[in-house]
2 protein chains.
Amino acid sequence: MAATIKQIAGRLNVSVATVSRALNDLPGVGEKMRRKVRRTAAELGYVPDFHARALVSGKVPFLGLVVPDITNSFFPALALAVEEAAAASGQSLILLNTNWRRDRLAQALELLSSRRVSGLIVAEPLDAAILDSVDLETVSNGLVLAGVEAPGGTGLCSVMVDDRDGGMQVGRHLVECGAHRIAFVGGPSESPNSRDRLEGLTIGLGISGGAAAIVSVTDGAWTEESGYRQADRLLRDMVPDAIFAANDLLAIGVMRRLVESGIAVGRGVALAGYDDTHVVSLTSVPITSVAQPTAQVGSLAVKLLGQMLSGDSGCGDAVLKPSLVARSSTLEFSNLHVLAPRDAQGA
Amino acid sequence: MAATIKQIAGRLNVSVATVSRALNDLPGVGEKMRRKVRRTAAELGYVPDFHARALVSGKVPFLGLVVPDITNSFFPALALAVEEAAAASGQSLILLNTNWRRDRLAQALELLSSRRVSGLIVAEPLDAAILDSVDLETVSNGLVLAGVEAPGGTGLCSVMVDDRDGGMQVGRHLVECGAHRIAFVGGPSESPNSRDRLEGLTIGLGISGGAAAIVSVTDGAWTEESGYRQADRLLRDMVPDAIFAANDLLAIGVMRRLVESGIAVGRGVALAGYDDTHVVSLTSVPITSVAQPTAQVGSLAVKLLGQMLSGDSGCGDAVLKPSLVARSSTLEFSNLHVLAPRDAQGA
DNA sequence: CGGGATGGCGTAAACGTTTACGCAACGTAA
DNA sequence: TTACGTTGCGTAAACGTTTACGCCATCCCG
């Protein structure tokens, strides 16, 4: 049985206050006594009860990161970044995986209002229904969103990555690669991230002035299976020049479906994903993707959280820029459709 | 400010006991009063303070999973399995990532003794030094190891996967594929998992009776970089027929190095990994790997933990069997070196 | 109509800490 | 010497719950 402060006090015939002071390096206790307390604490195998400590002091040494899908490598990468940033400020991280389930998300938020964590970084969208189920006033200072936009009205703090810009970069890149008929394979239709990436794509195609046009938009979940199914539906009608998947997982699903149809990714169809997870650089033909600045997102989120907790209520929303990473899945297509004509000209 | 049970009681002119009973569906309170309490609790946005609750009841609704590297997809997969099993028994999961750092591991164990979690599932090795730093008696019932062996002497509970068997399966498979000079690319030299997989490999090669022999053993970390470096060292001396990497991450690193040398994976060299993470099925040439029964590991670990917490101290250690998943990285080699001679015979 | 159950509620102790306050003893300066 | 600050410690309240216990009605059965 874990020893308590009271047992230590009893053994030494001193008061619990003295023991507490001794153990916490607070003034008001002699050096000799401090050593005695330390020693018996070690002997008894004393471990402080965080619950009791948190109950009275109101402070908890943990912050939580809520992710929707731990299986999607993007989130472990984010977790790593957040963890490092948190460690730098002396806090450690616990990870909550919701599996895209609303009850788990609500539970995670409750974790915050029940003061089990000092702060929460949430990396998935919060809709009105969820927000209704928690006390916003209580929760709002101690919560920062990462990579998702704050719902309107709520003064929630967030650090965003510019999805529209990412989509734009992809759009321009695809036009440069010589793609004309472009398909977008989206995430859930209600996801702002997915919508913004599509919007960006449209803008990117527009400003590139190419004859490019988006020929199809589909929707589903953020999974490989959804990518596969959407590609399947897509191929019934047409074979586009290029496919932009709102997600690397989707992109991989799309790729699987393309391969099944004997369509060579990068040759027959250009393919781009989003998140630049490690796996897209390893696939049979490496997939072009948009890298999110996870390290910055993590450190900024932790920083903002720290400010909020220390009273600076100035919710300095931040928005970072992603960057396109071009790989064979589009470059090869480019070689065939852009350089090849030139070569033909030269010949 | 989050409302307390006391405020609700004050508003209704009843005692806190009544409120507590009403909210927790305990008997001893009238239906009418229960409804009134519920309503004002909702009005005030009451959220129970888990700290206070845990302090008095000694029960915490969370169990923790400690993983060494959240970036290694094997662990998210395990996390998912554990989470589902935990959810089935009404508990939710928090994830701790140690990044292979001992201080983080110690911190995670402290989390258990400080009663912030009801139980802990640890998926990385615990050595003597770590165990010394915590109160074993306190910690040991509430702790189960998953996928790693319990250190001798400590009566720690564990659910293992038979690494030796996995290695054996790989060994036999490689011999069947016609490999003779086989290299092993290991994890950290002190890792029992790595050692067992190597031992299994040796045994597998032996009982297959082939002229196969292990020509090299190296060691490092469980990372892709380590795999790359080890393959680099390996290739200075020789080009083996087959390489067995103790880990998929290592295997991918090895693959990267092989590709750089223009050695065709699956043709020039057979390659096998371990864990059967999703990525090895997506690489340019899909990599043969050994699948761990994560779902069973997860549910068994949770089950054992439940038994321990409810007093059944019978620490029923379990050991499960892995299964080899053969892919092109070895099958292609097999076609070239086993079937081809037969064809030649036939011709 | 009296008796013991029973249901509904309040009182208060307990969980393990932190911390404001009080109180001696001791030293130091006038 | 007096007066006063400082050091070292104890007392006790507080944090927000749960829960054993006791009390007063009410009800049912004989």
Side-chain angles (χ1 to χ4, degrees), chain A residues 1-38 40-41 44-62 110-118 135 138, chain B residues 1-38 40-41 44-62 110-118 135 138:
Chain A
M1 300 297 156
T4 77
I5 221 179
K6 209 175 288 183
Q7 297 177 24
I8 301 180
R11 229 175 198 258
L12 262 53
N13 282 327
V14 297
S15 77
V16 289
T18 304
V19 177
S20 173
R21 283 187 283 245
L23 259 36
N24 293 5
D25 277 322
L26 292 175
V29 54
E31 200 48 46
K32 188 174 169 176
M33 175 64 86
R34 195 182 298 269
R35 266 196 293 274
K36 280 208 305 186
V37 169
R38 285 243 178 78
T40 55
L44 264 54
Y46 170 74
V47 177
D49 186 321
F50 279 92
H51 294 301
R53 188 172 281 186
L55 185 56
V56 50
S57 73
K59 307 213 167 196
V60 186
F62 291 93
E110 198 174 294
L111 211 69
L112 176 56
S113 17
S114 71
R115 314 213 183 122
R116 276 186 82 80
V117 293
S118 63
D135 183 12
T138 311
Chain B
M1 301 299 157
T4 77
I5 221 178
K6 209 176 286 184
Q7 297 177 21
I8 301 180
R11 228 176 197 257
L12 263 53
N13 284 323
V14 298
S15 77
V16 290
T18 304
V19 177
S20 173
R21 282 186 283 245
L23 259 39
N24 293 5
D25 279 322
L26 293 176
V29 55
E31 200 47 45
K32 188 175 170 175
M33 174 65 83
R34 196 182 296 268
R35 267 196 291 272
K36 280 209 304 187
V37 169
R38 285 243 178 80
T40 56
L44 265 55
Y46 169 74
V47 177
D49 186 320
F50 280 92
H51 294 301
R53 189 171 281 185
L55 185 56
V56 49
S57 72
K59 307 215 167 196
V60 186
F62 292 93
E110 197 175 294
L111 211 69
L112 176 57
S113 17
S114 71
R115 315 211 183 123
R116 278 186 79 81
V117 295
S118 62
D135 183 13
T138 310

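Lettering follows sequence order; numbering is per chain, from 1. Keep in mind that the numbers below use all heavy atoms, side chains included, and drop hydrogens, waters and symmetry copies. The structure displayed is predicted, hence computed values, not measured ones.
In this entry the distance linking CG of B/Asp49 with C1' of C/dT17 reads 13 Å, nearest Å. The distance from atom CG of B/Asn24 to atom C1' of D/dT19 is 11 Å, rounded to the nearest whole Å. A/Leu23 places its CG atom 15 Å from the C1' atom of C/dT19, with the value rounded to the nearest Å. A/Leu12 places its CG atom 16 Å from the P atom of D/dG8, with the value rounded to the nearest Å. Summarising the geometry, the separation between NZ on B/Lys59 and C1' on D/dT18 is reported as 13 Å, rounded to the nearest angstrom. Put simply, CG on B/Leu26 is 8 Å from P on D/dT18, counting in whole angstrom units. Regarding B/Ile5, its CD1 atom lies at a distance of 11 Å from the P atom of D/dT19, rounded to whole Å. Rounded to a whole Å, the CG atom of B/Asp25 is 12 Å from the P atom of D/dT18.
Nucleic acid contact for A/Pro48: sugar-phosphate only, since backbone atoms but no base atoms lie under 4.0 Å from a heavy atom of the residue. Among the atoms of the strands shown, only primed sugar atoms or phosphate atoms (P, OP1, OP2) are found under 4.0 Å from some heavy atom of A/Tyr46.
Judged by distance alone, with hydrogens and angles left aside, the side-chain atoms of A/Ser57 form a donor-acceptor pair with the main-chain N or O of A/Arg53 at under 3.5 Å.
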task = Given side chain to side chain contact (heavy atoms under 4.5 Å, CB included), test B/Gln7 with B/Tyr46 step by step and report yes or no.
result = CA-CA 9 Å; B/Gln7 297 177 21; B/Tyr46 169 74; over 6 Å; no
request  = Go through the steps for A/Asp49 and A/Thr4 under the test side chain to side chain contact (heavy atoms under 4.5 Å, CB included), then give the verdict.
outcome  = CA-CA 8 Å; A/Asp49 186 321; A/Thr4 77; over 6 Å; no
request  = Starting from the C-alpha separation in whole Å, work towards a yes-or-no answer on side chain to side chain contact (heavy atoms under 4.5 Å, CB included) for A/Val19 and A/Leu12.
outcome  = CA-CA 9 Å; A/Val19 177; A/Leu12 262 53; 5.7 Å; no
message = B/Lys36 vs B/Thr40, test: side chain to side chain contact (heavy atoms under 4.5 Å, CB included). Steps then yes/no.
response = CA-CA 6 Å; B/Lys36 280 209 304 187; B/Thr40 56; 5.9 Å; no
task = If a protein heavy atom is under 4.0 Å from the base, mark B; if only from the sugar-phosphate, S; if neither, -; do that for nucleotides 7-15 of chain C going 5' to 3'.
result = -SBBB---B
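No more than 12 heavy atoms of other residues, nucleotides or ligands lie within 6.0 Å of CZ in A/Arg11, so this atom counts as exposed by the packing criterion.
In terms of phosphate contacts, B/Ser20 brings a side-chain nitrogen or oxygen within less than 4.0 Å of OP1 or OP2 of D/dT18.
Atom CZ of B/Arg34 sits about 10.0 Å away from atom CZ of B/Arg21, to the nearest 0.5 Å.
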